[in-house]
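Atoms considered below: every heavy atom in the structure, side chains included; atoms not considered: hydrogens, waters and symmetry mates.
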Amino acid sequence: AEPVPFGRHVEAVSRADTSAARQFFIGQFDGWEGPEGGPGPPPHDSEQNLRRGHRELELRLPASWIERAERRAAEVDATVGSILLAAWSVLLSRWSDTDDVAFGTIRSGRHAVPDADRIVGCLINTVPLRVRVDPDATVDDLLRSVRSFQEAVRPHEQTSLLDISEWLEVETDRPLLDTAVVYERELLDTRLRAKGGPWENRRVELLEQSSFPMMLSAHRDDGLRARIEYDSSRYDSETVVRIGGHLQRLLESMVDSRSDN
């Protein structure tokens with residue numbers, strides 16, 4: 001199939017009804033008290049942590065986790081990505097001591113025009129997801145809430161974070177979001193090599209660095225491969241290791257939970 005011109009996406013985004021997006025995000029964040037500041041305490045004032053640096057912590061879950069996650073998600077018409085977002089919501093709630101959290105979710109951006117999957121280029125965008133983590137709610141409730149947002153935000157997923165910050169009247173000296181999550185079903189390298197032919201023996205490696213103080217990125221491999229990227233001037237390594245362990249336990253417990261528990 002012939003590629004769809006990138007300009008078609010640009011035109012669609014430029015014509016998008018921002019008034020509808022404004023109404024959507026203001027509604028989503030009605031009553032929100034502002035950024036919670038990210039998980040955990042500030043780092044110790046050591047020389048190492050005062051030097052701003054990009055660091056990473058890698059986590060792995062086995063193939064059996066993917067199988068269990070798919071079955072669990074299907075019970076409530078959700079996805080593996082929904083489970084990841086729900087787990088991050090609970091983690092932020094517990095580490096920030098609040099039941100009202102918000103973080104960025106990176107969207108593919110391929111819903112603005114028909115056949116957008118044939119556009120060559122990067123269309124991704126970050127939009128804020130707000131989750132109220134009710135301690136009495138079930139895992140099913142949380143997954144349904146997250147999935148509902150994932151579907152409802154599609155018409156507005158190209159909205160600028162700057163615009164959203166202005167609509168929500170966030171103080172200019174405070175970022176709207178401190179953390180973000182991205183989930184990919186498979187890596188770009190895997191997708192390209194699956195095309196066969198000359199692509200089969202090529203290797204593609206994506207080199208990227210988040211602008212958020214902390215970001216969780218995950219993709220399917222033999223199992224689930226996740227990476228917590230963090231700014232060491234905001235988070236010390238010991239704290240991030242504990243956050244990683246907590247996240248891994250949440251992901252395990254969520255997929256093994258019974259429906260309506």
Please give me the minimum heavy-atom distance between [X] and [Y], naming the atom from each residue.
X: Trp95; Y: His246; value: NE1-ND1, 2.9 Å
X: Pro155; Y: Ala152; value: CD-O, 3.2 Å
X: Leu224; Y: Ala218; value: CD1-CB, 4.1 Å
X: Gln158; Y: Leu123; value: NE2-O, 2.8 Å
X: Val255; Y: Arg68; value: CG2-NH2, 3.7 Å
X: Phe25; Y: Pro128; value: CE2-CD, 3.9 Å

State plainly whether one hydrophobic cluster holds both [X] and [Y], where clusters connect Ile, Leu, Val, Met, Phe, Trp and Tyr through side-chain heavy atoms under 4.5 angstrom apart.
X: Leu142; Y: Phe103; result: yes
X: Val4; Y: Val13; result: no
X: Ile26; Y: Leu129; result: yes
X: Met215; Y: Tyr183; result: no
X: Tyr230; Y: Ile106; result: no

| said: Donor-acceptor pair, distance only, cut-off 3.5 Å: does the side chain of Arg110 make one with the backbone of Ile119? | reply: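 Here the side-chain-to-backbone pair exists.
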| Is a side-chain N or O of Thr138 found less than 3.5 angstrom from the main chain of Asp141, in a donor-acceptor match? |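 Present.
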Salt bridge between [X] and [Y], side-chain N to carboxylate O under 4.0 Å?
X: Asp100; Y: Arg130; value: yes
X: Arg227; Y: Glu229; value: yes
X: Arg234; Y: Asp178; value: yes
X: Asp140; Y: Arg258; value: no
X: Arg147; Y: Asp77; value: no
X: Arg220; Y: Glu184; value: no
X: Glu58; Y: Arg225; value: yes

Result block: side-chain N/O donor-acceptor pairs under 3.5 angstrom for residues 86-94, not counting sequence neighbours:
from	atom 1	to	atom 2	distance (Å)
Trp88	NE1	Thr179	OG1	3.1
Ser89	OG	Leu85	O	2.8
Ser93	OG	Thr98	O	2.6

| query | Does any pair with a residue in residues 137-156 pass ring-ring contact (aromatic ring centres under 6.0 Å, His included), and if so which ones, sequence neighbours excluded? | reply |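 As it turns out, the ring-ring contact (aromatic ring centres under 6.0 Å, His included) pairs with a partner in residues 137-156, which skip direct neighbours, are Phe24-His156.
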| task | Let me see the working for Val182 and Leu216 under side chain to side chain contact (heavy atoms under 4.5 Å, CB included), right down to the final yes or no. | result | CA-CA 6 Å; Val182 58; Leu216 171 66; over 6 Å; no
[X] [atom1] to [Y] [atom2] distance, which is reported to the nearest 0.5 Å:
X: Arg249; Y: Met254; atom1: CZ; atom2: CE; value: 13.5 Å
X: Ile164; Y: Leu161; atom1: CD1; atom2: CG; value: 5.5 Å
X: Ile243; Y: Leu59; atom1: CD1; atom2: CG; value: 11.0 Å
X: Ile228; Y: Leu247; atom1: CD1; atom2: CG; value: 5.5 Å
X: Leu168; Y: Gln28; atom1: CG; atom2: CD; value: 10.5 Å
X: Trp65; Y: Glu70; atom1: CH2; atom2: CD; value: 9.0 Å

| field | Heavy-atom side-chain proximity of Asp134 to Asp99 below 4.5 angstrom | value |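 In short, these two side chains do not touch, never coming nearer than 4.5 Å.
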| said: Can you confirm whether Val146 sits close enough to Leu143 that some side-chain heavy atom of one is under 4.5 Å from a side-chain heavy atom of the other? | reply: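 Sidechains of Leu143 and Val146: no contact.
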| query | With a 3.5 Å cut-off and no angle check, do the side chains of Ser253 and Asp256 form a donor-acceptor pair? | reply |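 Checked: Ser253/Asp256 side chains show no N/O donor-acceptor pair below 3.5 Å.
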| said: Checking side-chain polar atoms at under 3.5 Å, does Ser148 have a donor or acceptor matched by the opposite partner on Ser145? | reply: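 Note: Ser148 and Ser145 side chains miss the donor-acceptor criterion.
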| said: For Thr126 and Thr105: C-alpha separation, side-chain torsions, deciding distance, then whether side chain to side chain contact (heavy atoms under 4.5 Å, CB included) applies. | reply: CA-CA 6 Å; Thr126 303; Thr105 174; over 6 Å; no
| message | Tell me whether Gln23 at atom CD has more than 12 heavy atoms from other residues, nucleotides or ligands lying less than 6.0 Å away. | response |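 Counting neighbours around CD of Gln23, 12 or fewer heavy atoms of other residues, nucleotides or ligands fall under 6.0 Å, so no.
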| message | Can you tell me if Glu151 has over 12 outside heavy atoms packed within less than 6.0 Å of its CD? | response |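 Counting other residues, nucleotides and ligands, CD of Glu151 exceeds 12 neighbours.
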| Taking it one step at a time, do Arg107 and Ile124 satisfy side chain to side chain contact (heavy atoms under 4.5 Å, CB included)? | CA-CA 5 Å; Arg107 305 283 300 184; Ile124 63 172; over 6 Å; no
| said: Walk me through whether Arg55 and Ser237 qualify under side chain to side chain contact (heavy atoms under 4.5 Å, CB included). | reply: CA-CA 9 Å; Arg55 291 183 170 81; Ser237 58; 5.7 Å; no
| When the ring planes of His9 and Phe6 are compared, do they come out parallel, tilted or perpendicular, using 30° and 60° as the limits? |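 The rings of His9 and Phe6 sit tilted, inter-plane angle from 30° to 60°.
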| message | I need the full list of salt bridge (Lys or Arg N to Asp or Glu O under 4.0 Å) pairs touching residues 4-22, with sequence neighbours left out, sorted by first then second residue. | response |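 Those involving residues 4-22 are Glu11-Arg15.
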